[in-house]
Amino acid sequence: ATEGRDLRFLLDEDLEGRVYVRGILVRHYNRARLAGLGLDFVGDKGAYSSLGFGRDRNNIDLERLVTLIPVAFYELQKNAGSVVNAAKEVSSRIYDSLLHFPSGAMSKMLEFPPYLSRVRLSDAVSVTADALVDVFTQRHPNGYPVDASEVKQARRDAHEAEEAKYLGAEPVSLPVELCRLLRKSDNVPTIEKLWQKCESEVLALPNWQPQTPEQANTARKFVDVAVDLFHPHVSADQIIFKHFPPGPIERAVISVSGPNGKRHYCVNMAQLEIAAVHAWRRQVLEDVCGDAVNGGDGSLVCSG
């Protein structure tokens, strides 16, 4: 068992769904009501009545009891020390309970607790939500949560769908109750935050430098064409060539906000060299074109 001051989390498989008060079994709930763990209230006896724990000692208000979970988890995190893995296990159990049993008692976790806590409830909820976001991002590294009612809307929104595809992100459908708790965290992934993450990662990439006259010529032509097409919105000093790592999403150009607030356009030269463009056309567009050959001025042109 791991514990906060008022509530102990019981992680043994045999104790799943069991609720105790100071070590005395009060009730055993099925998984639809309480999944993943058991609970033992060890707080002040003066709180018994507010938790619906009467003299007969055979019942308790489970939905009120679970409102103490964020505070107990906050205290567990704060005092974890050598039991940090236990805190991770508890957050994983809470996540799975909300994922698989969204109508269970855990869905009431964000209701106001039956008595005032020693810590601010907002702090406790924030810490709990942060831990659940950690679980989400470990399971869905490129995902962002949307509740079931938002999935179809997200896929219908052509702009968001295009952005998600460009970022290599995927909307992950979750129960409304779990989404609600995840969104209490400032760390929850969103399209906007994924853009910010992408921009910071791209800016940190090493700058690309031409290694041959042909590469220098290709870069120079790209700048000339871009400035000509998008003038006055794009100038040569806004174009930066970067070494992009290989990955499942091959990006050619990414617009980022530079340190001075000015937009910059980071260019993946590996995707703009003619040979790479030909390979892409053959693979994605199933275009029939010849190999790239020397055009006589240091550039490469299509032979087909």
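When reading the values below, keep in mind they use all heavy atoms of this one structure, side chains included, and skip hydrogens, waters and symmetry mates. Quick note: residue numbers are just sequence positions, from 1. Keep in mind that what you see is a predicted model, and the values were worked out from it rather than measured.
In this structure, OG1 in Thr190 is found 12.5 Å from CG in Leu182, a value given to the nearest 0.5 Å. Distance CG/Leu51 to CG/Leu68: 6.0 Å, rounded to 0.5 Å. One finds the CD atom of Gln196 at 12.0 Å from the CD atom of Glu201 (value rounded to the nearest 0.5 Å). Rounded to the nearest 0.5 angstrom, Tyr144 OH and Cys179 SG are separated by 11.5 Å. For the atom pair Gln215 CD and Trp208 CH2, the distance stands at 5.0 Å (nearest 0.5 Å). Rounding to the nearest 0.5 Å places CZ of Arg180 at 8.5 Å from CD of Glu177.
Side-chain contact, Arg220 with Asn217: a donor N or O sits under 3.5 Å from an acceptor N or O. A donor-acceptor contact under 3.5 angstrom links the side chains of Arg27 and Asn59, judged on distance only. A side-chain donor from one of Tyr48 and Arg22 sits under 3.5 Å from a side-chain acceptor of the other. A donor-acceptor contact closer than 3.5 angstrom links the side chains of Asn207 and Lys242.
Two different hydrophobic clusters hold Leu110 and Val176 under the rule that ILVMFWY side chains link at heavy-atom gaps under 4.5 Å. Under the 4.5 Å side-chain heavy-atom criterion for Ile, Leu, Val, Met, Phe, Trp and Tyr, Leu203 and Leu205 are members of the same hydrophobic cluster. Cluster annotation: Phe9 is connected to Val135 through the hydrophobic network of ILVMFWY side chains, with a link wherever side-chain heavy atoms come within less than 4.5 Å.
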Show the atom names and distances, to 0.1 Å, of all donor-acceptor pairs under 3.5 Å that link a side chain in residues 95-103 to residues at least two apart or in another chain.
residue, atom, partner, partner atom, Å
Asp96, OD1, Arg139, NH1, 2.7
Asp96, OD1, Arg139, NH2, 3.3
Asp96, OD2, Arg139, NH2, 3.2

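Looking at Leu62 and Leu34, their side chains come closer than 4.5 Å, going by heavy atoms from C-beta outward. Side-chain contact check for Tyr20 versus Leu15: some heavy-atom pair is nearer than 4.5 Å. Taking 4.5 Å as the limit, every side-chain heavy atom of Glu111 sits out of range of all side-chain heavy atoms of Glu63. Using a 4.5 Å heavy-atom cutoff, the side chains of Phe73 and Leu7 are not in contact. Residues Tyr265 and Ile254 fail the side-chain proximity criterion, which asks for heavy atoms closer than 4.5 Å. With contacts defined as side-chain heavy-atom distances shorter than 4.5 Å, the pair Asp61/Phe53 does not qualify. Looking only at side-chain heavy atoms (C-beta outward), Val172 and Phe136 come within less than 4.5 Å of each other.
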Worksheet entry | Worked check of side-chain hydrogen bond (donor to acceptor under 3.5 Å, both in side chains) between Gln238 and Ser235 | CA-CA 6 Å; Gln238 290 176 269; Ser235 58; 3.1 Å; yes

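Atom NZ of Lys193 sits in a crowded spot, with more than 12 heavy atoms from other residues, nucleotides or ligands closer than 6.0 Å. The number of heavy atoms from other shown groups lying within 6.0 Å of CD1 (Ile24) does not exceed 12.
A side-chain contact (heavy atoms from CB on, under 4.5 Å) with Pro70 is found for one member of Glu75, Met109, Lys184 and no other, namely Met109.
Here Arg93 pairs with Glu89 under the side chain to side chain donor-acceptor pair (under 3.5 Å) rule; sequence neighbours left out.
Residues Lys262 and Asp237 are paired through a salt bridge, judged by an N-O separation under 4.0 Å between the basic side chain and the carboxylate.
Side chain of Arg8 to main chain of Val42: no donor-acceptor pair is present (N/O by atom type, distance under 3.5 Å, no hydrogens or angles).
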